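Computed from a predicted model, the values in this text were never measured in an experiment.
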Amino acid sequence: MRIPTFLLSLALLAPSLAAASPGPRIEGFTAGAPDPDLRLPLRATLLGPGGTAHWTLRAEHTPANATSALAWDAGSGDATMAPDGAAWNVTFEAAYGPGDYRILLRLAAEAGSAEAALDVRVPEVRNDSAAVDLAVAPSPPPVPAPPPVDASAPTTLRFVNDTVNSDGKPKSPGTALITRVVVADADGLRDVRRVTFTYARVEPVGRVPVFARSLEGPATGTSATLEDRFDLAPMKEGSYSCSITAEGTGSATIERTFVITDSAPAALLALGPSVRPGSAPLRGELIVEDRNLGTGPLDDGDIHALGLLHAQLYRGSVRVEDPGWRVIVAGQAGTTALDLDLRPEGTRTTAFPYETFNGTGRLHLPVEVAPAAGVPEGTYRLSVSATSTLASTSFDVLPAPRVLHAWANGTGEPGTTIVVEADLVAGDAANVSLATPWDRIALQPDARGHVNVSLRLPARWPAEGGNASLLLGEAATSLALPGRNVAPTLEASLAIRDAPILGEAWLHPTARGALRLRLQADDANAAQVEQEVRSVLVEVRDWAGRVQAWNGTGTWPAATRDVALEPAEGAEHGRYTVTVRAEDAHGGQATRALAVNLGLRFRIALDAPGELALTGGAANLTVRAAGNGPVAALDVVLDGVPATGEVRLALPNGTELRAPLAAGRAHFEAAPLLRAQEQATLRLALDPASLAGAQRVRVVVAGVAW
């Protein structure tokens with residue numbers, strides 16, 4: 001068949017027309033500087049015949065000490081092209097922290113496709129601290145003494161006709177006694193040097209002065225009304241007098257009486273939150289307060305003269321009668337029913353500066369509580385009473401120290417080294433040890449209760465192996481040591497970047513599949529690993545010990561294998577432990593534990609102006625977790641000023657933590673202190689003497705994330 005000439009011409013022309021059609025292009029592919037959360041703005045110009053194109057981002061990052069790059073899809077979407085160029089702007093998140101990244105932008109449209117690559121180095125960003133300046137108010141200048149005045153008219157003094165001046169008026173220690181007087185001088189009050197209020201205890205054989213205060217005389221007029229408020233504590237109940245003396249041309253004195261009434265004592269019993277049987281006892285103190293009695297100078301007794309105190313232990317509403325419990329108060333020991341007769345002699349002092357002592361007489365008695373062996377766990381309450389209940393507090397008895405799992409890894413050949421490991425509920429027990437047939441070794445569990453010790457088997461070690469004892473206090477758990485059967489070996493490693501904060505593996509929550517676990521299991525007892533090693537188990541637990549449902553968790557046949565682990569949807573930021581165990585047909589086991597942190601680096605912010613006034617050594621700051629991760633610890637540093645005092649941290653849940661400020665530094669730690677975007681109030685109470693000479697103090701608050 002003949003093809004028409006014009007059709008043949010079109011057929012020959014079609015490739016040329018297609019080649020001449022403009023395809024998509026990418027120009028000016030650049031990245032801006034990262035923000036504190038390591039997010040980079042990406043920019044490019046998209047050129048093409050118009051219409052919509054689909055773009056995708058592919059990113060690669062090579063962690064430190066890794067042999068291969070980590071790659072992931074970093075985003076996709078639709079964008080508009082234009083013949084003269086259309087702007088394209090996208091935010092890229094550097095999911096693996098500081099380092100070198102390669103970013104590939106692909107553009108696909110009907111007219112064709114285009115690619116552009118960009119190499120970016122993300123620097124280390126210090127975003128875990130904030131600072132504010134505090135302006136220290138200077139000390140006021142001394143007030144010059146008034147010039148002497150020569151006058152001859154006598155000075156007079158009288159009480160104001162007011163019910164507050166009633167004679168014999170009762171008052172409680174610490175509440176105000178108001179006295180108003182009129183001082184007069186016909187020549188004017190310029191020569192009245194001072195008016196003195198003297199308070200004394202009326203004794204059977206005289207008076208005992210307890211306090212005196214002088215008020216400056218008025219400078220103008222011929223008469224004036226003066227007022228003094230007396231609210232000192234502690235003071236013993238009984239009769240007291242208030243004498244007022246005006247010193248001018250001559251002197252004048254008047255007197256009134258008042259009665260201090262009896263106030264009931266109060267007490268606070270403070271103990272730690274929990275204790276384990278067999279571990280260190282629970283320690284605290286009993287603080288007894290009495291406005292009438294105290295070791296201060298305004299009484300003639302002593303707060304120790306409380307008579308008989310009684311301590312009793314309860315579980316719920318039932319009294320605990322187990323004689324194995326030990327309760328110690330003020331050095332006196334008993335069981336669960338402890339009677340203390342506290343009557344040591346007190347001392348009397350009558351002179352002291354008012355500014356240094358005013359409040360309640362306090363007695364601090366050390367308290368220790370130790371549960372009996374085998375006592376059931378639960379909540380208990382210790383109550384201390386005199387004629388009535390003074391104070392009580394609750395505490396928890398935690399499970400007794402015990403062994404959860406224990407195993408030995410090694411070939412069992414004589415003269416070789418084996419590793420003994422165990423997971424314990426050890427609490428704060430310090431007497432954890434391993435007793436072998438040839439030695440006894442003290443062990444120190446880590447924060448998770450895990451112990452690990454290497455043992456060298458004796459030159460004569462039986463083929464059937466032997467036994468060791470894992471000792472927690474008085475309790476012992478038998479542990480089989482391997483014979484000559486070779487236990488399996490297990491290697492496990494994480495392909496993930498190093499963490500810049502904690503020095504451990506740090507996994508970004510949106511970097512799916514980025515945690516790669518490589519397993520290698522071998523057993524020399526068999527020709528083929530698959531026939532001998534029965535299983536390899538991988539578990540992921542959080543810091544509280546809960547098993548987490550991460551993708552890839554489970555049991556697999558033993559062999560060299562790469563496993564991709566991803567956190568479950570909605571998994572909390574925090575510290576996790578990946579534990580890998582292998583077991584063979586002989587009961588031999590091998591284990592590895594690897595730490596992983598899930599979360600972002602964070603920022604600390606101080607919601608305060610650039611400078612705050614430090615009034616009387618006190619200032620309040622608002623601290624905020626400004627990033628995306630929780631804050632586990634805070635350091636408060638007064639830059640260049642070795643100040644002393646106390647720092648308080650009021651958390652969002654109502655808890656207030658306190659830390660001493662020593663040499664200008666204070667530290668708080670909890671799990672966690674603040675979650676993302678939460679804020680707390682930081683209260684500084686500084687010793688003014690430690691700020692002597694300072695005009696401006698810089699406060700730096702730094703944090704650590706999980």
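In this structure, Val623 and Leu606 have side chains that are in contact, with non-hydrogen atoms separated by less than 4.5 Å. Side-chain atoms of Thr261 and Glu237, non-hydrogen and from C-beta on, never get closer than 4.5 Å to each other. Contact check for Pro173 versus Ile260: side-chain heavy atoms found under the 4.5 Å cut-off. Residues Ile441 and Leu455 have side chains in contact (heavy-atom distance under 4.5 Å, counting atoms from C-beta outward). You'll find the side chain of Val164 reaches within 4.5 Å of the side chain of Lys169, heavy atoms only. Between Val420 and Thr436, every side-chain heavy-atom pair lies at or beyond the 4.5 Å cut-off. The side-chain heavy atoms of Thr257 and Val202, taken from C-beta on, include no pair separated by under 4.5 Å. Inter-residue side-chain proximity for Leu479 and Val403 is flagged as unmet; no heavy-atom pair is nearer than 4.5 Å.
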> Would Tyr199 and Phe230 satisfy ring pair (Phe, Tyr, Trp, His ring centres under 6.0 Å), going step by step from the backbone distance to the final call?
Replying inline: CA-CA 9 Å; Tyr199 299 88; Phe230 180 76; 4.0 Å; yes
>> side-chain contact (heavy atoms from CB on, under 4.5 Å), that's the test. Do Val636 and Leu684 meet it? Break it down for me.
In response: CA-CA 10 Å; Val636 181; Leu684 301 175; 4.2 Å; yes
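Applying the side chain to side chain contact (heavy atoms under 4.5 Å, CB included) test between Leu282 and each of Val275, Val367, Leu382 identifies Val275 as the sole match. Of the candidates Leu638, Thr644, Val637, Leu661 forms a side chain to side chain contact (heavy atoms under 4.5 Å, CB included) with just one, namely Leu638.
Distance check: Arg448 CZ to Leu424 CG gives 12.0 Å after rounding to the nearest 0.5 Å. With values rounded to the nearest 0.5 angstrom, Glu646 atom CD is found 11.0 Å from Arg683 atom CZ. With rounding to the nearest 0.5 Å, the separation of CD in Glu421 from CG in Leu443 is 11.5 Å. In this structure, CG on Leu268 lies 8.0 Å from OG1 on Thr393, to the nearest 0.5 angstrom. A distance of 9.5 Å separates OG in Ser239 from CZ in Phe258, rounded to the nearest 0.5 Å. Here CG of Asp446 is found 9.0 Å from CG of Asn452. Values are rounded to the nearest 0.5 Å.
Within 6.0 Å of the CZ atom in Arg315, the count of heavy atoms belonging to other residues, nucleotides or ligands exceeds 12.
Phe668 approaches Arg658 most closely through the heavy-atom pair CE2-C, 3.8 Å. Listed here is the closest heavy atom pair of Ala176 and Lys171: C-CE, 4.0 Å. Residues Leu269 and Ala391 share a closest heavy-atom pair of N-CB, 3.7 Å. What you find for Trp325 and Ala372 is that their closest heavy atoms are N-CB, 3.6 Å. Between Ser690 and Pro642, the shortest heavy-atom contact is CB-O, 4.4 Å. Val375 and Pro371 get closest at one heavy-atom pair: CG1-CB, 3.6 Å.
Scored by the salt bridge (charged side-chain N to carboxylate O under 4.0 Å, His left out) test, Asp687 finds no partners at all (sequence neighbours excluded).
By the 6.0 Å and 45° rule, Arg381 stacks over the aromatic ring of Tyr314.
Using cut-offs of 30° and 60° for the angle between ring planes, the Phe395 and Tyr380 rings count as parallel.
A donor-acceptor pair is defined here as one N or O able to donate and one able to accept, closer than 3.5 Å; no such pair exists between the side chain of Arg283 and the backbone of Pro366. In this structure a side-chain-to-backbone donor-acceptor pair under 3.5 Å is missing from Asp396 to Leu398.
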